[in-house]
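Report on the following structure.
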Amino acid sequence: MIKYVCFLFLLLSGCYPTRCSLEQERMEIAEDDIEWLDSYPPDLSHPLTLNEIIEIAVSRNLELFVKAEEYQIQEDQADKLRWALLPDLNWDYDDSHRSQNTAAYSKFLNPALNVGPPLYQIGSPQHSRTWNLDLAWNVLDFGVTYFRGRQQENKASIEAYEYERIRNSVIFRVVSSYWLAVSSKLALERANILLPEMLDQTEKLKKELVDHIYLSKSQGLGKLVYFYQREIQVRGYNDRNDSSDPTQGYEKQLQDNLLQLAGLMQLPPGAEFDIALPEAEELSIEAFLPPVRELFDYALIYRPELFERDLEYKISADDVNIAILQQFPGVQLFNIDNFDNNPFLLHNKWYLAGVRTAWNLLQFPQNVMDHVIGVASEERDRRNRLLLSQAVLTQVSLAYLQFVQNQEQFRIAESVVKANQAVAALAEKESAVGKKSKLEALQAKIDLALARNNLMKIFAELQNNLEELNNAIGLPRYYKTEGSP
């Protein structure tokens with residue numbers, strides 16, 4: 001007896017997962033996840049262009065995979081409700097055998113008439129075989145199911161537009177991270193060219209201060225401080241003339257944005273890739289945008305979120321229709337085909353047809369309140385759609401304004417770069433003939449590099465503003481600057 005109890009205890013204890021088994025299962029799932037990330041890797045053997053990164057991100061993004069599965073589930077639910085529109089068709093069959101018959105006898109209660117032995121009677125055979133085919137159609141249920149099926153189709157369409165919204169968001173994040181990475185990479189390349197000469201000049205200044213070459217020590221220290229500040233700026237730690245409020249630096253900015261791109265492309269951990277830099281002629285700010293009023297029209301037509309609000313409004317409207325139907329009594333039309341092989345029956349086959357109706361009178365107030373709530377929800381969804389439309393128009397206006405402002409900033413920064421180019425070229429020539437020192441020529445080069453860094457930052461912001469405008473109107477990569485990838 002004890003061994004059976006122990007066996008039962010072990011059997012029941014095995015029904016619950018232990019911590020070790022959960023950890024083992026987690027490790028196996030983690031290995032499957034890593035294997036999926038490593039499977040079908042994209043070609044990273046060459047520097048990736050912006051369009052290639054977008055293509056990889058859209059084709060491998062897990063958010064889009066999940067949303068596609070959710071869309072398919074909603075579609076299957078809609079198909080299920082379409083089948084539910086069919087009437088009920090039930091077939092019952094019975095084939096039974098009894099060991100004894102159900103015979104019974106009867107006798108007359110009036111003794112005067114009881115002139116013979118009892119009479120034995122039987123009304124059903126030992127072997128019985130019956131079937132019936134029942135076709136029934138509930139008119140009220142059909143109407144409710146029709147509206148619920150239409151609601152489910154609208155929910156599936158919402159998932160489709162949500163997929164499009166996520167796709168647009170992925171493209172926008174790729175574009176933003178790409179141009180920030182380009183800006184940081186170009187700044188690093190300029191820094192790598194200037195820093196050796198700057199560090200060498202800093203060491204010379206230190207030595208000259210120690211050797212008391214400068215007549216004024218404050219003048220020498222001022223130049224040393226100048227180069228320290230310029231080194232901070234060249235490395236991207238800040239954009240000011242002092243060392244306060246440091247940022248993360250161009251190298252860290254580049255690594256962070258490359259990690260952002262790797263995450264958007266769902267690359268396996270540790271995957272290395274490089275980005276292709278745009279050509280010089282690609283740095284154009286002309287996008288040929290239409291009037292902002294036309295952009296408003298595009299946004300109100302193409303934004304997937306507005307389509308979602310339209311479908312939510314339709315779902316609420318169908319809730320009202322369902323509430324109205326449920327206020328009426330249920331009506332069922334039926335037709336039943338019966339068969340019974342009982343030989344004692346006069347007719348073994350017969351038909352039954354008719355109408356059944358049922359009305360829960362005590363549920364009528366609840367149905368009326370469902371109708372009131374549905375109307376209020378319908379009005380709420382209409383207001384939400386108007387609210388979102390207003391927010392979309394504000395987003396378009398803001399993105400358009402930021403783009404125009406950055407265009408003006410770019411033109412000013414471009415003029416600064418051209419002026420610094422002229423100054424640097426002149427300083428280089430004068431340094432070669434001894435009119436200016438190498439220190440002054442280096443200062444001109446530094447000012448030119450910083451001006452170019454600032455120009456590229458503004459250009460990256462301008463590209464982000466333009467793609468934000470595309471995202472605001474629901475058309476990713478629709479408007480581009482002339483010659484941009």
Side-chain angles (χ1 to χ4, degrees), residues 49-51 53-55 57-58 61 63-64 67 157-180 182-183 260 264 278 281-314 381-414 455-485:
T49 64
L50 175 58
N51 291 330
I53 296 174
I54 291 175
E55 182 180 355
V58 171
N61 190 272
E63 280 187 90
L64 295 176
K67 190 54 63 176
S157 298
I158 287 176
E159 296 297 335
Y161 284 114
E162 185 68 12
Y163 177 94
E164 184 177 344
R165 185 194 65 80
I166 294 174
R167 178 180 174 274
N168 294 351
S169 175
V170 169
I171 293 175
F172 171 69
R173 285 182 286 169
V174 167
V175 172
S176 177
S177 297
Y178 170 81
W179 285 110
L180 289 175
V182 167
S183 175
Q260 290 286 342
L264 291 169
E281 55 268 16
E282 293 178 354
L283 301 183
S284 171
I285 61 172
E286 299 302 328
F288 305 106
L289 296 177
V292 69
R293 180 64 192 180
E294 187 174 338
L295 294 175
F296 288 161
D297 294 337
Y298 285 164
L300 294 177
I301 293 173
Y302 294 110
R303 275 295 286 267
E305 294 92 333
L306 292 176
F307 282 103
E308 292 180 36
R309 292 293 185 272
D310 293 340
L311 293 168
E312 289 174 358
Y313 178 80
K314 290 183 178 181
D381 290 339
R382 189 180 71 86
R383 296 290 184 182
N384 281 335
R385 183 178 61 190
L386 292 174
L387 182 63
L388 181 60
S389 297
Q390 181 63 42
V392 166
L393 297 180
T394 302
Q395 185 181 3
V396 172
S397 299
L398 182 60
Y400 182 84
L401 179 61
Q402 289 177 339
F403 178 77
V404 173
Q405 290 175 343
N406 274 324
Q407 276 185 319
E408 186 61 29
Q409 291 182 17
F410 183 88
R411 293 187 182 97
I412 296 173
E414 193 174 32
L455 180 69
M456 194 60 206
K457 282 183 179 179
I458 295 174
F459 183 77
E461 291 177 3
L462 185 141
Q463 291 291 335
N464 293 341
N465 293 146
L466 184 57
E467 191 54 36
E468 186 176 3
L469 180 60
N470 289 330
N471 191 58
I473 65 175
L475 298 172
R477 305 289 290 156
Y478 188 73
Y479 291 108
K480 303 179 184 178
T481 55
E482 187 177 3
S484 64

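Quick caveat: nothing in here was measured; it's all calculated off a predicted structure.
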- Query: Would Val170 and Arg173 count as a side-chain contact (heavy atoms from CB on, under 4.5 Å) if you check the C-alpha gap in whole Å, the side-chain angles of each, and the deciding distance to 0.1 Å?
  - Reply: CA-CA 5 Å; Val170 169; Arg173 285 182 286 169; 3.5 Å; yes
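- Two residues are said to be in side-chain contact when any heavy atoms from C-beta on lie closer than 4.5 Å; Leu401 and Val292 fail this criterion.
- Looking at heavy atoms from C-beta onward, Asn471 lies out of side-chain contact with Ile171 at the 4.5 angstrom threshold.
- We find the CG-CG distance between Leu386 and Asp381 to be 11.0 Å, quoted to the nearest 0.5 Å.
- Ser169 contributes no side-chain N or O that, together with a main-chain N or O of Arg165, makes up a donor-acceptor pair within less than 3.5 Å.
- Considering CD1 of Ile53 and CG of Leu264, their distance stands at 9.5 Å, rounded to 0.5 Å.
- Asp310 has its side chain out of reach of Tyr161: every pair of non-hydrogen atoms, C-beta onward, lies at least 4.5 Å apart.
- Contact between Leu462 and Thr481 at its shortest, heavy atoms only, is CD2-CG2, 3.9 Å.
- Between the side chains of Glu467 and Asn470, a donor-acceptor pair is found at a separation under 3.5 Å.
- Residues Pro304 and Glu162 form no side-chain contact, since every pair of their non-hydrogen atoms from C-beta on lies 4.5 Å or further apart.
- Taken to the nearest 0.5 Å, the OG atom of Ser183 stands 12.0 Å off from the OH atom of Tyr178.
- Residue Gly474 comes nearest to Glu164 through the heavy atom pair O-OE2, 4.5 Å, listed as atom of the first residue, atom of the second, then distance.
- A 4.5 Å side-chain heavy-atom check between Leu387 and Arg309 finds every atom pair outside the cut-off.
- Listed for the Thr394 side chain is a donor-acceptor partner under 3.5 Å among the backbone atoms of Gln390.
- In summary, the side chains of Glu159 and Tyr163 do not present any donor paired with an acceptor at a separation below 3.5 Å, with no hydrogens or angles considered.
- Between Leu180 and Asn464, some side-chain heavy-atom pair lies under the 4.5 Å cut-off.
- Ion pair Glu286/Arg411 flagged as a salt bridge, since at least one NZ, NE, NH1 or NH2 atom sits closer than 4.0 Å to an Asp/Glu carboxylate oxygen.
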- Message: Under the criterion side-chain contact (heavy atoms from CB on, under 4.5 Å), I'd like the reasoning laid out for Phe403 against Tyr479: C-alpha separation, chi angles, the key distance, then a yes or no.
- Response: CA-CA 12 Å; Phe403 178 77; Tyr479 291 108; over 6 Å; no
- Test side-chain contact (heavy atoms from CB on, under 4.5 Å) on Val182 and Trp179 and set out the steps. CA-CA 5 Å; Val182 167; Trp179 285 110; 4.2 Å; yes
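- Atom CD of Gln260 has 12 or fewer neighbouring heavy atoms from other residues, nucleotides or ligands inside a 6.0 Å radius.
- You'll find the side chain of Ser157 stays beyond 4.5 Å of the side chain of Phe307, heavy atoms only.
- Put simply, the side chain of Leu388 reaches to within 4.5 Å of the side chain of Glu305, judged on heavy atoms.
- Closest of all the heavy-atom pairs between Ser389 and Leu300 is CB-CD2, 4.0 Å.
- The minimum heavy-atom distance linking Gln463 with Val175 is given by the pair O-CG1, 4.4 Å.
- Between Ile473 and Tyr302, the shortest heavy-atom contact is O-CB, 3.3 Å.
- In this structure, Lys457 NZ and Asn406 CG are separated by 13.5 Å, a value rounded to the nearest 0.5 Å.
- Considering all non-hydrogen atoms of both residues, Gln409 and Ile458 come closest at O-CD1, 3.9 Å.
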- Would you sort out whether Arg385 and Arg382 count as a side-chain contact (heavy atoms from CB on, under 4.5 Å), showing the intermediate values? CA-CA 5 Å; Arg385 183 178 61 190; Arg382 189 180 71 86; 3.8 Å; yes
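- Counting non-hydrogen atoms of other residues, nucleotides and ligands closer than 6.0 Å to CD of Gln407 gives a total above 12.
- To the nearest 0.5 Å, the span separating NZ on Lys67 from CD1 on Ile166 amounts to 5.0 Å.
- Distance CG/Asn384 to CD/Glu312: 7.5 Å, rounded to 0.5 Å.
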